[in-house]
Amino acid sequence: MWALCIGALIIIGITHWVYRWRNPSCNGTLPPGSMGLPLLGETLQFFSPNASSDIPPFIKQRMKRYGPIFKTNLVGRPVVVSTDPDLNYFIFQQEGQVFQSWYPETFTQIFGRQNVGSLHGFMYKYLKNMVLNLFGPESLKKMLSEVEHTSCRTLQQWSCQDSVDLKEATARMIFDLTAKKLISYDSTTSSDNLRDNFVAFIRGLISFPLNVPGTDYHKCLQGRKRAMKLLKNMLQERREMHRKQQKDFFDYVVEELKKEGTILTEAIALDLMFVLLFASFETTSLALTYAIKLLSDHPLVLKQLQEEHEAILKRREDPNSGVTWKEYKSMTFTFQFINETVRLANIVPGIFRKALREISFKGYTIPAGWAVMVCPPAVHLNPAKYQDPLAFNPWRWEGVELNGASKHFMAFGGGMRFCVGTDFTKVQMAVFLHSLVTKYRWRPINGGNIVRTPGLQFPNGFHVQIMEKDERKQEPEFANTD
């Protein structure tokens, strides 16, 4: 009899728990949607791979069923997903007052608890100003020649190979350049292969967060552990050097750590270096690879891009001089091309925030403590804003001035957390494209197919043959093997 009573209580308890899971408490009206399975939520569906360039099926299906604002549960956390431009704008504008930056616990484990994305208020502004010391316009003007030299040297090396995987090769090129500026790291002379740890990290970042030996997520955490150990050792060595002149960002960090009353700690500094190394090369290499794939498929775009850059060469008094800041700022069509590339690439599938207090918006209530995910692909592929949104059309940006994010363009984030590395990314892409289209041609060999899980991936790479131009021959810039 007692066993039956206990069994009944357990069943009632489980039933109540499942009911509360599926029907969270709220003082108002929650957005429509499903919380999915207990504990798992709809995490598996969210991470399910797809090969579409359209709005991710997970989002698109729920938009059709529930509308532009809906609720779900990801990795055990209730989330309101916003594909509504007005709500997105409100979220970014209320940063630090109504919303604050937030990412799932699994992301925090990967990026570190003291990472810049998890810090708020004065500390975040302090770190942002530190990063601008490296990636701000004045620093980029000085870095321009180095970016061009790296691009030219790399392209020349590629032209001696039968095949180059652009995703892997551009990632290596950008990582080496960034690591040199950040920590004076040279992959050709160092006994430690720092980038290998980040490769393991990347594979796990977009995997299901199961920390069990053998899984990608576990390998990711191990990659972070090894990378952080290397960075910590480098920082310790640098602190013992007592250099009189700053040569890289690490020197700047060491000086900040030495200041009396500094709010910077070693843990925050190391997490910052880790995030900068990852963010600066992974997203840019994806964008560059996708850009070259688009150029391969759109010869008219390539033709106009080439004409713009050849005109720059013709205007020079010294044809062998490098790209100037004035020339860089004159690359109008190049910036249109970059905008259109990142609009379609949608490298960042979601931007997370947390509600600091209960919010009412368009008849719905977002409870305090709930996560909110802004969905850039739904914004960038909205037919109400972009005519034929899946079409690659750089000319749609003609005459459009973009000095940051907007309701309808958030490839680099938005609000006060607009990506501080945006200008660095554009400099690298524009200067690389300048060197590529004026001096080389290429032929796709294989790969180039994309998969989103939900972030952009090239599972088979994108293999091309790079060839120096022969000015005596009138050949196309690329040859398709289809």
Side-chain angles (χ1 to χ4, degrees), residues 16-43 45-46 54-104 120 343 346 348-387 389 404-411 413-418 454:
H16 178 72
W17 175 66
V18 171
Y19 176 82
R20 296 311 309 165
W21 175 276
R22 293 180 175 176
N23 300 274
S25 60
C26 177
N27 293 326
T29 303
L30 283 170
S34 169
M35 304 304 283
L37 297 171
L39 299 180
L40 278 177
E42 296 188 305
T43 309
Q45 297 96 314
F46 180 73
D54 201 350
I55 298 169
F58 176 87
I59 302 294
K60 193 168 185 177
Q61 291 164 8
R62 285 156 183 77
M63 286 174 66
K64 187 175 181 180
R65 184 181 303 172
Y66 305 121
I69 303 171
F70 60 88
K71 69 176 183 288
T72 183
N73 187 294
L74 303 176
V75 291
R77 182 81 183 219
V79 179
V80 169
V81 178
S82 171
T83 68
D84 183 282
D86 295 327
L87 178 54
N88 296 341
Y89 183 77
F90 177 71
I91 290 167
F92 288 137
Q93 292 304 306
Q94 295 298 316
E95 174 78 37
Q97 300 175 49
V98 180
F99 298 93
Q100 71 178 23
S101 177
W102 175 87
Y103 283 90
H120 314 288
R343 180 187 74 84
N346 285 307
V348 178
I351 301 171
F352 288 91
R353 295 290 186 267
K354 182 174 73 173
L356 297 175
R357 59 176 174 80
E358 186 178 282
I359 302 122
S360 295
F361 194 90
K362 292 188 176 180
Y364 296 127
T365 297
I366 302 174
W370 274 47
V372 180
M373 188 185 87
V374 173
C375 181
V379 173
H380 296 155
L381 301 172
N382 182 359
K385 173 61 182 175
Y386 297 101
Q387 185 178 1
S406 71
K407 284 186 179 182
H408 305 290
F409 186 75
M410 51 185 64
M416 65 176 288
R417 288 182 179 267
F418 184 75

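No experiment lies behind these values; they were computed from the predicted model shown.
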Looking at every non-hydrogen atom in both residues, tell me the closest pair between [X] and [Y] and how far apart they are.
X	Y	answer
Val98	Arg357	CG2-NH2, 3.4 Å
Glu95	Ser101	OE2-N, 3.4 Å
Pro349	Pro376	O-CD, 3.6 Å
Ala355	Phe99	CA-CD2, 3.9 Å

With rounding to the nearest 0.5 Å, note down the distance linking [atom1] in [X] to [atom2] in [Y].
X	Y	atom1	atom2	value
Lys407	Gln93	NZ	CD	9.5 Å
Gln45	Thr72	CD	OG1	7.5 Å
Arg353	Gln100	CZ	CD	9.5 Å
Asn73	Glu42	CG	CD	8.0 Å
Ile91	Ile351	CD1	CD1	9.5 Å
Arg77	Trp102	CZ	CH2	5.0 Å

Validation row: [X], [Y] side chains within 4.5 angstrom (heavy atoms):
X	Y	result
Arg62	Val81	no
Arg343	Pro389	yes
Pro78	Lys71	no
Val374	Phe92	yes
His380	Ile55	no
Ile59	Met373	yes

**Asked** Around atom OH of Tyr89, are there more than 12 heavy atoms of other residues, nucleotides or ligands at under 6.0 Å?
**Response**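 12 or below, so no.
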Throw together a table of side-chain donor-acceptor distances under 3.5 angstrom for residues 360-371, partners on residues two or more places apart or in other chains.
| from | atom 1 | to | atom 2 | distance (Å) |
| --- | --- | --- | --- | --- |
| Lys362 | NZ | Asp84 | OD1 | 3.2 |
| Lys362 | NZ | Asp84 | OD2 | 2.8 |
| Lys362 | NZ | Asp86 | OD2 | 3.1 |

Strictly by side chain to side chain donor-acceptor pair (under 3.5 Å), give each pair with a member in residues 26-41 just once, sequence neighbours left out.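 Residue pairs with at least one partner in residues 26-41: Asn27-Glu358.
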* Is the cationic atom of Arg65 (NZ for Lys, CZ for Arg) positioned less than 6.0 Å from the six-membered ring centroid of Phe70 and within 45 degrees of its normal? ->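 Because its charged atom misses either the 6.0 Å distance or the 45° angle limit, Arg65 does not stack over Phe70.
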